[in-house]
Amino acid sequence: MIRGSDVKERLPSWMQEWVDVIVPGSQVLLILVVTRLAQILAKRLFDRIAQRYDLPPELAVGVRRVITFVLSVAALLLVLERLGVSGTVLWTAFTGFATVGAVAFFAAWSVLSNIFCTVLIFITRPFRLYETIELLESGDKPGLKGKVMDINLLYTTLQESEGAEGPSVVQIPNSLFFQRGIRRWRGGHRTITAG
C-alpha cells in the first residue's frame, strides 16, 4: 500500500515544497465547485416544487436565499477546516462576537432612538424653546411640567417651577415625547398634543 508520505518523497525536491500548498488548495477548489453545483441543483429543484405547488414568488425567493446562505456557510466552514482552523475555535469566536454584537445593539438602541426622536422634534416641532410644556402621564396623574430650556441630541431639559429649594431642572429622554401626550402653553393658551 502506498502512503501519501511515500509519494511525496518520490517527487523532486522543488515539487515537495509545493505539495503542502497544492493539496489543500485543490481541496478548497473542489469544495467551492461542489458547493456551487449544489446551489444550482437546489435552486432548480425548488423552482420545480414552487411551480408544481403554485407557491408565492416571495416564498420562493426567500427559500432560495436561505438555501444559498446555508450552503455558503457550510462551504466556508469546510474551507476553513481544510486550511487548519478548528471548528471549536470558529464556534467560540462566532458566539463571542454574536454576544458582544447583541449587547452593543441593545445598548445603542436607546441612544439611536433618542437621536432619531431629536430629529423628529426639530421637524415636527411639538414644542419650542422657552415654551412651558407638561409631559402627561396616563390617567389623571400630573406629569413632568416645566419651561423648555434646551434640546440636545439625547435629552430635553425642562426648568421646573420654583419650589421650596428654588428652581430645578429635569432632563427627559427625547423618545418619551413620542410615547406620551404633551400639554403646552403658548402665550396663555393651552394646547394638548397626543404622543
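A 4.5 Å side-chain heavy-atom check between Arg128 and Val148 finds every atom pair outside the cut-off. For the pair Arg82/Pro24, no side-chain contact is recorded, criterion being any heavy-atom separation below 4.5 Å from C-beta on.
Rounding to the nearest 0.5 Å gives a distance of 8.5 Å between CG of Leu135 and CZ of Phe127. From Ile31, atom CD1 reaches atom CD of Glu81 across 7.5 Å, with rounding to the nearest 0.5 Å. Here the CD1 atom belonging to Ile133 is positioned 12.0 Å from the CZ atom belonging to Arg183, to the nearest 0.5 angstrom. The structure places CD1 of Ile172 at 14.0 Å from CG of Leu154, a figure rounded to the nearest 0.5 Å. With values rounded to the nearest 0.5 angstrom, Arg125 atom CZ is found 8.5 Å from Ile151 atom CD1. Asn174 contributes atom CG, which lies 6.0 Å from atom CG of Asn114 (distance to the nearest 0.5 angstrom).
In the hydrophobic clustering of ILVMFWY residues, with side-chain heavy atoms under 4.5 Å counting as a link, Leu76 and Val28 come out apart. In this structure, Leu176 is not a member of the same hydrophobic cluster as Ile115, with clusters built from ILVMFWY side-chain heavy atoms closer than 4.5 Å. Residues Leu32 and Val34 do not share a hydrophobic cluster, clusters being chains of Ile/Leu/Val/Met/Phe/Trp/Tyr side chains in contact below 4.5 Å. Grouping the Ile, Leu, Val, Met, Phe, Trp and Tyr side chains by contacts below 4.5 angstrom, directly or via other members, places Leu158 apart from Leu153. At a threshold of 4.5 Å between side-chain heavy atoms, the hydrophobic network of Ile, Leu, Val, Met, Phe, Trp and Tyr places Val23 and Leu83 in two separate groups.
For the pair Thr99 (side chain) and Thr95 (backbone), a donor-acceptor distance under 3.5 Å is present. When atom types are taken as modelled, the side chain of Gln159 and the backbone of Lys147 share no donor-acceptor pair closer than 3.5 angstrom.
Within a 6.0 Å radius of CZ in Phe46, more than 12 heavy atoms belonging to other residues, nucleotides or ligands are found. In the displayed structure, Phe97 atom CZ is contacted under 6.0 Å by at most 12 heavy atoms of other residues, nucleotides or ligands.
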Set out, in order, the CA-CA distance, both residues' side-chain angles and the distance that settles side chain to side chain contact (heavy atoms under 4.5 Å, CB included) for Val169 and Gln171, then state yes or no. CA-CA 7 Å; Val169 295; Gln171 289 186 315; 5.8 Å; no
Apply the test side chain to side chain contact (heavy atoms under 4.5 Å, CB included) to residues Ile121 and Phe178: give CA-CA distance (whole Å), side-chain angles for both, the deciding distance (0.1 Å), then the verdict. CA-CA 9 Å; Ile121 287 172; Phe178 293 94; 3.7 Å; yes
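When all heavy atoms of Cys117 and Ser175 are compared, the pair lying nearest together is SG-CA, 3.6 Å. The shortest heavy-atom contact between Pro126 and Ile182 is CB-CD1, 4.2 Å. In terms of heavy-atom proximity, Thr35 sits nearest to Ala75 at OG1-CB, 3.2 Å.
Of the residues listed (Leu45, Leu41, Asp47), the one engaging Lys43 in a side chain to side chain contact (heavy atoms under 4.5 Å, CB included) is Asp47, and it is the only one.
Between the side chains of Gln39 and Thr68, not a single donor N or O lies within less than 3.5 Å of an accepting N or O.
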